[in-house]
Asker: 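Below are the structure tokens for one structure; questions will follow.
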Amino acid sequence: MSAFSLAVLASGRGSNLQALLDAIAAGTLPARVAGVFSDKPACGAIGIARDRGLPHVALRPRDYPDRDAHDEALFDAVAAVQPDLIVCAGYLRIISERTVRRFESRMVNIHPSLLPRHPGLDTHARVLAAGETEHGASVHAVIPALDAGPVLAQARIPVLPGDTPEALAGRLLPREHALLVASVALLATGRARLGAAGFELDGHPLAAPLSLGADNQLHREPGHV
Ligand SMILES: Nc1nc2c(c(=O)[nH]1)N[C@@H](CN(C=O)c1ccc(C(=O)N[C@@H](CCC(=O)O)C(=O)O)cc1)CN2
Ligand SMILES: NCC(=O)N[C@@H]1O[C@H](COP(=O)([O-])[O-])[C@@H](O)[C@H]1O
């Protein structure tokens, strides 16, 4: 049986992609990366794919008449690798409703905030501006509404006195990597499933997001069976 296949979408340096590749190489993630896709041909994630000999497609939005046309072209390339799961790992485009519906229940995103707080961009600065004492990351299902899909798992970090957005982002990133790997592993093994009603874990509806422990494993929140 072929390994659980991932299509990874990214717009940036690709450290989350690298974390997935490292976990696959270490044998802790039973999956394979079938392709890397981007809106930015020169981004780090495409460089990683090229250097690793992975299939990759990068299409610039400015080469298309509108968002739908760009989405359709890029996600036709995604569909061609027949992924079991699409992972948005720093993909900085809002995906059209038509495309989200095309891959219903097969697309997740890692977002640098404790959703539902702070959907969108610039989350680290927004957490500081709000005077919050806790920050984190969320792995959630992609639905047409931005960063509003059901959440599978979250990782939390404290906000420290004097934190800058850059310091906060730097402390959060390794926790994002562990969160993404553990979340994708649950989906790859079939322990977690995403359906129209949200996530199920071990055959039961997930009542609350799982929490990433210091052991880099995902745990149910206390009080939630
Ligand atoms: N329909 C959806 N598309 C995407 C989702 C989602 O939940 N539903 N998650 C995002 C990832 N994301 C935050 O995690 C995010 C990506 C992009 C933007 C955004 O405002 N993009 C702008 C362009 C910004 C830029 O180019 O710098 C845009 O598309 O106009 C916000 C949040 C992936 N897509
Ligand atoms: N709204 C989406 C968003 O901001 N995603 C964030 O982009 C970064 C990508 O880093 P990477 O390219 O090193 O994986 C990650 O921090 C991810 O949470």
Side-chain angles (χ1 to χ4, degrees), residues 1-12 14-41 43-59 61 67-111 138-144 147 149-153 176-177 179-196 198-201:
M1 181 178 77
S2 66
F4 189 81
S5 63
L6 307 175
V8 179
L9 278 87
S11 303
S15 72
N16 276 283
L17 165 66
Q18 189 61 57
L20 293 171
L21 292 168
D22 291 346
I24 291 169
T28 56
L29 176 55
R32 65 184 178 90
V33 174
V36 179
F37 304 86
S38 182
D39 59 320
K40 294 190 168 65
C43 75
I46 291 295
I48 290 170
R50 184 181 301 113
D51 293 347
R52 294 259 192 141
L54 293 172
H56 56 278
V57 174
L59 303 177
R67 183 182 298 270
D68 281 354
H70 174 261
D71 256 20
E72 185 172 0
L74 189 65
F75 281 87
D76 279 352
V78 171
V81 302
Q82 298 179 306
D84 295 302
L85 182 69
I86 298 167
V87 180
C88 295
Y91 182 62
L92 295 186
R93 298 284 296 171
I94 297 173
I95 300 166
S96 66
E97 176 162 6
R98 179 167 167 225
T99 297
V100 172
R101 298 285 182 224
R102 179 179 177 186
F103 297 95
E104 197 86 55
S105 303
R106 279 197 293 153
M107 199 178 326
V108 295
N109 177 55
I110 183 156
H111 176 77
S138 306
V139 171
H140 66 95
V142 172
I143 67 172
D147 301 330
V151 179
L152 174 58
E176 287 188 54
H177 296 161
L179 177 69
L180 184 60
V181 167
S183 299
V184 173
L186 282 186
L187 292 161
T189 57
R191 281 199 59 202
R193 292 186 181 283
L194 175 57
F199 287 101
E200 286 188 356
L201 183 68

Asker: Any chance you could lay out the side chain to side chain contact (heavy atoms under 4.5 Å, CB included) test for Leu20 and Val8, step after step, and finish with the verdict?
Answerer: CA-CA 9 Å; Leu20 293 171; Val8 179; 4.1 Å; yes
Asker: Output yes when Asp22 and Arg52 qualify as a salt bridge under the 4.0 Å nitrogen-oxygen rule, no when they do not.
Answerer: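 Answer for the salt bridge query: yes.
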Asker: Evaluate the side-chain proximity of Pro61 to Arg67: yes if any heavy-atom separation is below 4.5 Å, no if none is.
Answerer: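 No, too far: nothing below the 4.5 Å cut-off.
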Asker: Before giving the answer on side chain to side chain contact (heavy atoms under 4.5 Å, CB included), spell out for Leu201 and Arg191 the whole-Å C-alpha distance, their side-chain angles and the decisive distance to 0.1 Å.
Answerer: CA-CA 6 Å; Leu201 183 68; Arg191 281 199 59 202; 4.2 Å; yes
Asker: Can you confirm whether Asn16 sits close enough to His177 that some side-chain heavy atom of one is under 4.5 Å from a side-chain heavy atom of the other?
Answerer: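 When only atoms from C-beta onward are counted, His177 and Asn16 do touch, with a gap below 4.5 Å.
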Asker: About how many Å separate CG of Asp68 and CD of Glu97, when rounded to the nearest 0.5 Å?
Answerer: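 Answer for the CD-CG pair, Glu97 versus Asp68, is 10.0 Å.
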Asker: How many angstroms lie between CD1 in Ile143 and CD in Glu104, if you round to the nearest 0.5 Å?
Answerer: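 So the gap between those two atoms works out to 9.0 Å.
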Asker: Pair up each side-chain donor or acceptor in residues 31-40 with any protein partner under 3.5 Å, not counting sequence neighbours, and list the distances.
Answerer:
| from | atom 1 | to | atom 2 | distance (Å) |
| --- | --- | --- | --- | --- |
| Ser38 | OG | Ala10 | O | 2.7 |
| Ser38 | OG | Lys40 | N | 2.9 |
| Ser38 | OG | Lys40 | O | 3.4 |
| Asp39 | OD1 | Ser11 | OG | 2.6 |

Asker: Flag the pair Phe103 / Val142 as yes when at least one side-chain heavy-atom distance between them is below 4.5 Å, and no otherwise.
Answerer: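 A side-chain contact under 4.5 Å is absent here.
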Asker: Looking at CG of Leu9 and CZ of Arg93, how far apart are the two atoms once the value is rounded to the nearest 0.5 Å?
Answerer: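 Interatomic distance, Leu9 CG to Arg93 CZ, rounded to 0.5 Å: 12.0 Å.
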Asker: Check whether any side-chain heavy atom of Leu21 sits under 4.5 Å from a side-chain heavy atom of Leu54, and report yes or no.
Answerer: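 Yes, at least one pair of side-chain atoms sits under 4.5 Å.
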Asker: State the CG-CD1 distance between Leu180 and Ile110, to the nearest 0.5 angstrom.
Answerer: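 These two atoms lie 4.5 Å from each other.
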Asker: Using every non-hydrogen atom in the two residues, find where Pro150 and Leu194 come nearest and quote the distance to one decimal.
Answerer: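 Looks like CG-CD1, 4.5 Å.
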Asker: Does CZ in Arg98 sit with more than 12 non-hydrogen atoms of other residues, nucleotides or ligands closer than 6.0 Å?
Answerer: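 No.
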Asker: Quick one, Asp84 and Ser5 - any side-chain contact, counting heavy atoms below 4.5 Å?
Answerer: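 A side-chain contact under 4.5 Å exists here.
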Asker: When rounded to the nearest 0.5 angstrom, what is the spacing between CG in Leu85 and OG in Ser105?
Answerer: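 Answer rounded to 0.5 Å: 11.0 Å.
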Asker: Got a donor-acceptor contact below 3.5 angstrom from the Asp71 side chain to the Ser96 backbone?
Answerer: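 A pair under 3.5 Å: yes.
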Asker: Return a table of donor-acceptor pairs under 3.5 angstrom between the side chains of residues 73-81 and protein atoms on other chains or two or more places apart.
Answerer:
| from | atom 1 | to | atom 2 | distance (Å) |
| --- | --- | --- | --- | --- |
| Asp76 | OD1 | Arg102 | NH1 | 2.8 |
| Asp76 | OD1 | Arg102 | NH2 | 2.7 |

Asker: Using 0.5 Å steps for rounding, measure from the OG1 atom of Thr99 to the CD1 atom of Ile86.
Answerer: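 One gets 9.5 Å once the value is rounded to the nearest 0.5 Å.
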Asker: Should we count CD of Gln82 as having more than 12 external heavy atoms under 6.0 Å?
Answerer: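 No - once you tally the heavy atoms of other residues, nucleotides and ligands closer than 6.0 Å, there are 12 at most.
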Asker: Step through the shown structure and confirm whether more than 12 heavy atoms of other residues, nucleotides or ligands are within 6.0 Å of CZ on Arg106.
Answerer: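 Enclosed.
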Asker: Once ring pair (Phe, Tyr, Trp, His ring centres under 6.0 Å) is applied, do any residues pair with His70, and if so which ones, sequence neighbours excluded?
Answerer: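 Residues passing ring pair (Phe, Tyr, Trp, His ring centres under 6.0 Å) with His70: Tyr64.
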